[in-house]
Amino acid sequence: MFKEYLNVRDIIGPLILMQEVEGVTYGELAEIRLDSGEVRRGRVLEISEGKALVQVFEGTRGIARENIKVKFLGKGMEIGVSPDIIGRIFNGAGETIDGGPPIMPNVYVNINGNPMNPFAREYPNEFIQTGISAIDAMNTLVRGQKLPIFSGAGLPHAKIAAQIARQSRVLQSEEKFAVVFAAMGITFEESHYFTTDFKRTGAIERAVLFINLADDPVIERIAIPRMALAVAEYLAYEKDMHVLVILTDMTNYCEALREISAARKEVPGRRGYPGYLYTDLATLYERAGRIKGKKGSITQIPILTMPEDDKTHPIPDLTGYITEGQLILSRLLHAQGVYPPVDVLPSLSRLKDKGIGKDKTREDHADVVNQLYAAYARGKNARELAVVLGEFALTSIDVQYIKFSEVFEKVFLLQGEEENRTIEETLNMSWELLAYLPKPELKRIKQVFVEQYYKPVDLAKKYN
């Protein structure tokens, strides 16, 4: 039997401060029972000198110090898992919300997971095909990597997330593939879009969805990514699956942290976020990876909206330090009708070179990407110069680079929401674009590849 406590010292916002408690641990679950018989759930946020700070999931409205009993349950927050969890939709409390039968769990796992021994980590080196050329060719996603998407308000990160979830797969691998999708603080409209899209395309058959709406309890917003990662760890390390975890929107998660920090009256850090924001984000992002001796793996794509498109904001700034690169969405490309509007020049995948090349994608991949980067950057610089000086001030080769950069955006970057390009198709398209430049300009590609793949074409006829 667990002891019930009546000694509530204070109620502040969603928090209850208990005094004279014994044997209570950090993260332990609690039941708050009101005189009316209503039971609410809570979690211990802090323990100090016999005092326990409990956050109430459903909030403290209607609660008074005199009318509640608090019982600590002796365990942390857990979620029941089994192979049947695939294809199901859950809320932030770990309850099914898809109308299907309840999950019969094989085991209950703590949502905080277990720390991964750095020595036991396997270095990521396998290519994941997303079907999106801007990612597969230019900023390659590697199995076991964490590669965030930096977006902004109004940009189509939700569509990109759904497309990646539908299309992603590991090439040259017979291992089972699953997607764990966690949405935090989203609107009902966004929730409807995700669930409808997953069901319409059949992606739900290999996915697990966690949905937390904007009006759901804040504590659930903090629990959602941990639940998703706990499920991913079970599928990856117990069921030998490769799991892609998509977390959206991490900005809403960080806002929830800031709200709780303010309620606890903690000393704020940058822009009011708690000083432990970096550590907290690291506990989520570092749960990606591969373990030696295990067939499964966890790859992460966190998505965050940058307030005011500011890359120096604490959330994208700290995320960039922890993760292995970033994909940055461009408002300018979006305004020009380019989807997905991935700005490839400031974007980066630090593990790209480990996942491409012979026996992974194709032997010419690395050289082609280097040449595409250089040509596109020169074309954009020439376009800016033409605005200032006029096109008459440019050389004929500069004009060719300008045309190359325009075709690169309108043909290579631009693709449909349902268009799933293989890496072979993407690389062949790259060579078609490079053929717009004279052969002597391809200085970043080995001559043997130029002789094999370079075939001049009239792009003006092909793409206009």
Side-chain angles (χ1 to χ4, degrees), residues 14 41 57-59 77 79-81 84-103 111 148-168 178-232 235 243-257 259-260 284 300-307 315 329 334 339-340 417-418:
R41 300 159 303 148
F57 291 6
E58 297 86 355
M77 198 166 182
I79 183 170
V81 291
D84 297 334
I85 203 169
I86 297 176
R88 305 301 302 274
I89 305 174
F90 299 83
N91 62 14
E95 302 164 340
T96 56
I97 55 173
D98 54 9
I103 297 293
I111 66 170
I149 296 177
F150 289 3
S151 182
L155 296 182
H157 49 271
K159 293 181 180 179
I160 295 173
Q163 186 172 359
I164 292 173
R166 287 196 308 269
Q167 298 177 177
S168 294
V179 175
V180 177
F181 189 94
M184 297 156 278
I186 62 173
T187 64
F188 176 79
E189 181 182 3
E190 290 174 308
S191 170
H192 179 72
Y193 168 76
F194 285 129
T195 53
T196 302
D197 186 80
F198 272 70
K199 290 176 180 178
R200 176 184 63 84
T201 60
I204 190 70
E205 295 178 3
R206 62 167 188 171
V208 184
L209 273 66
F210 289 87
I211 303 291
N212 167 260
L213 299 179
D215 61 345
D216 286 337
V218 172
I219 189 66
E220 291 186 3
R221 205 159 301 153
I222 292 175
I224 277 260
R226 291 175 168 79
M227 283 187 185
L229 288 165
V231 169
L235 295 176
V243 185
L244 175 64
V245 180
I246 300 176
L247 306 173
T248 182
D249 179 341
M250 291 303 296
T251 298
N252 293 336
Y253 171 84
C254 294
E255 294 292 346
L257 277 183
E259 182 177 335
I260 293 174
L284 298 178
Q300 275 190 38
I301 299 184
I303 299 173
L304 57 91
T305 51
M306 300 178 290
I315 302 172
L329 303 189
H334 178 62
Y339 173 89
E417 293 178 38
E418 305 290 335

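Along the sequence shown, residues carry numbers from 1.
Looking only at distances, no side-chain donor or acceptor of Arg221 sits under 3.5 Å from a matching main-chain atom of Leu257. Under the 3.5 Å distance criterion, the side-chain polar atoms of Gln300 are left unmatched by any main-chain donor or acceptor of Leu229. Side-chain N or O atoms of Glu205 include none that pairs as donor or acceptor with a backbone N or O of Gly87 at under 3.5 Å. Side chain of Asp98 to main chain of Ile89: a donor-acceptor pair is present (N/O by atom type, distance under 3.5 Å, no hydrogens or angles). Side chain of Asn252 to main chain of Met184: a donor-acceptor pair is present (N/O by atom type, distance under 3.5 Å, no hydrogens or angles). A donor-acceptor contact shorter than 3.5 Å links the side chain of Asp249 to the backbone of Thr305. Looking at Arg88, its side chain never comes within 3.5 Å of a backbone N or O of Asp84 through a donor-acceptor pair. Using a distance-only test at 3.5 Å, with no hydrogens or angles considered, no donor-acceptor pair links the side chain of Thr196 to the main chain of Tyr193.
Using a 4.5 Å cut-off on side-chain heavy atoms (C-beta onward), Phe90 and Ile211 make no contact. Residues Glu190 and Thr248 are not in side-chain contact: their nearest non-hydrogen atoms beyond the backbone lie 4.5 Å or more apart. Side-chain contact between Phe194 and Ile246 is absent, with no heavy-atom pair separated by less than 4.5 Å.
Residues Ile222 and Pro225 come closest through the heavy atom pair O-CD, 3.5 Å. Between Val179 and Ala165, the shortest heavy-atom contact is CG2-O, 3.6 Å. Minimum heavy-atom separation, Phe210 to Asn91: CD2-O, 4.0 Å. Here the closest non-hydrogen pair linking Asn212 and Pro217 is ND2-O, 3.8 Å. Residues Ile85 and Gly80 approach most closely at CD1-O, 4.1 Å, considering heavy atoms. The minimum heavy-atom distance linking Gly92 with Ala223 is given by the pair O-CB, 4.3 Å.
One distance of note links CG of Leu213 with CD1 of Ile186; it measures 6.0 Å at 0.5 Å rounding. We find the OG1-CG distance between Thr195 and Leu209 to be 7.5 Å, quoted to the nearest 0.5 Å. The CD atom of Glu95 sits 12.5 Å away from atom CD1 of Ile103, with the distance rounded to the nearest 0.5 Å. Here the CE-CD distance, from Met227 to Glu220, works out to 7.0 Å after rounding to the nearest 0.5 Å. Distance check: Ser151 OG to Ile303 CD1 gives 8.0 Å after rounding to the nearest 0.5 Å. One finds the CD1 atom of Ile315 at 11.0 Å from the CE atom of Met306 (value rounded to the nearest 0.5 Å).
When the side chain to side chain donor-acceptor pair (under 3.5 Å) test is applied to Ser168, no partner is found at least two apart in sequence or on another chain. In terms of the salt bridge (charged side-chain N to carboxylate O under 4.0 Å, His left out) criterion, Arg206 has no residue partners (sequence neighbours excluded). Residues passing the salt bridge (charged side-chain N to carboxylate O under 4.0 Å, His left out) test with Glu417, sequence neighbours excluded: Lys159. With sequence neighbours excluded, no residue satisfies side chain to side chain donor-acceptor pair (under 3.5 Å) with Thr201. Under the rule for a side-chain contact (heavy atoms from CB on, under 4.5 Å), the partners of Ile86 that lie at least two apart in sequence or sit in another chain are Val208, Leu235, Met241. Applying the side chain to side chain donor-acceptor pair (under 3.5 Å) criterion to Glu255, with sequence neighbours excluded, gives Arg258, Tyr273.
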### Query
Under the side chain to side chain contact (heavy atoms under 4.5 Å, CB included) criterion, do Arg41 and Ile219 qualify, and how do the steps go?
CA-CA 10 Å; Arg41 300 159 303 148; Ile219 189 66; over 6 Å; no
### Task
With side chain to side chain contact (heavy atoms under 4.5 Å, CB included) as the test, would you mind laying out the steps for Ile160 and Leu329 before giving the verdict?
CA-CA 10 Å; Ile160 295 173; Leu329 303 189; 3.8 Å; yes
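More than 12 heavy atoms of other shown residues, nucleotides or ligands fall within 6.0 angstrom of atom CD in Glu418.
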